Amino acid sequence: MPLTQYRIDREGADRLLFLMHGYTAEQHHLASYVPLVDPDERFTAIAPRGPIDMPDGDGAGWWSIDLETFEMDLSQFMPSLEMIESLIAEEADKAGVPLERCIVGGFSQGGYLSLALVGRPGAPRYAGVWAICCGLPSAPGLDLDLSGGDGRPALFQWGTRDIFIGQEQPKEVIAALGDGGWNLRHHAYDMAHSQTIEMMIDAREWLAGVL
């Protein structure tokens, strides 16, 4: 099943930015920040919609979460990850853009998926990774190895009042990316599980230095 997507095409852009939303959001969510984080229009942005629709039809996800018990169906993680990988490869090929000029990023569930994309054994050498409010991904069938950073840029952002990921998961992400040789920037913000304009301004500075 192909993923529905929202695109922001920039004429002459030879770089792609893939943005994965969080649970209950949709494809327009992170894409709405693209004019702020990429004001020079260096990237064509592609934001897919998760394949799992919310029961009320408002928003989507990449794997199901029971919002009362917070139990997750992580058997859905790998199918979603493989769908995103196929989308990235297809869109990069159509645009004539090497995967080495593609950045992957996401918020919450999308952040976990972004780290999985760059950390799978044999993963393409994406240009960089931008992860927001997430921890290290773990799911049945997923092998994660972030040791191949080789100086590639990574940005990790999280909230100090985020009850969903707590304070230990961010430490694990920072340690894994740092030990893995990524050129890591990480920022904590006085916020919960969300995004702020301050965060996007920091992301704009980071993105301007990539590629």
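Excluded from the calculations below are hydrogen atoms, water molecules and symmetry mates; all remaining heavy atoms, backbone and side chain alike, are included. This structure is a prediction, so every number in the text was calculated from the model and none was measured.
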For residues 194-204, tabulate all N or O donor-acceptor pairs below 3.5 Å that involve a side-chain atom, not counting sequence neighbours.
from: Q195; atom 1: OE1; to: H29; atom 2: NE2; distance (Å): 3.0
from: T196; atom 1: OG1; to: M199; atom 2: N; distance (Å): 3.1
from: D202; atom 1: OD2; to: Y189; atom 2: OH; distance (Å): 2.8

Taking only residues two or more places apart in sequence or in another chain, which ones pass ring pair (Phe, Tyr, Trp, His ring centres under 6.0 Å) with H28? Y6

Nearest-0.5 Å distance, CG of residue L16 to CD1 of residue I103: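 Rounded to the nearest 0.5 Å, the CG-CD1 separation comes out at 10.0 Å.
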
With sequence neighbours left out, write down each residue that passes salt bridge (charged side-chain N to carboxylate O under 4.0 Å, His left out) with D38, or none if nothing qualifies. R10

Using the salt bridge (charged side-chain N to carboxylate O under 4.0 Å, His left out) criterion, which residues pair with R42? Sequence neighbours excluded.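 Salt bridge (charged side-chain N to carboxylate O under 4.0 Å, His left out) check on R42 returns nothing, list empty.
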
Those residues that, when tested against [X], pass side chain to side chain contact (heavy atoms under 4.5 Å, CB included) (two or more places apart):
| X | value |
| --- | --- |
| A60 | H21, R49, D53 |
| D9 | R7, T44 |
| S80 | P51, W62 |

Which pairs with one or both residues in residues 68-79 pass salt bridge (charged side-chain N to carboxylate O under 4.0 Å, His left out), sequence neighbours excluded?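 Salt bridge (charged side-chain N to carboxylate O under 4.0 Å, His left out) check on residues 68-79 returns no pairs.
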
Quick note, salt bridge (charged side-chain N to carboxylate O under 4.0 Å, His left out) partners involving residues 95-106, not counting sequence neighbours, are D14-R101

Going by side-chain hydrogen bond (donor to acceptor under 3.5 Å, both in side chains), name the residues that satisfy it together with S138, two or more places apart in sequence or in a different chain.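 Applying side-chain hydrogen bond (donor to acceptor under 3.5 Å, both in side chains) to S138 gives none.
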
So which pairs with a foot in residues 31-52 pass ring-ring contact (aromatic ring centres under 6.0 Å, His included), sequence neighbours left out? none

Enumerate, atom names and distances included, each donor-acceptor pair closer than 3.5 Å involving a side-chain atom of residues 117-136, sequence neighbours excluded.
from: R120; atom 1: NH1; to: E85; atom 2: OE1; distance (Å): 2.7
from: R120; atom 1: NH1; to: E85; atom 2: OE2; distance (Å): 3.3
from: R125; atom 1: NH1; to: D150; atom 2: OD2; distance (Å): 3.0
from: W130; atom 1: NE1; to: Q157; atom 2: OE1; distance (Å): 2.8

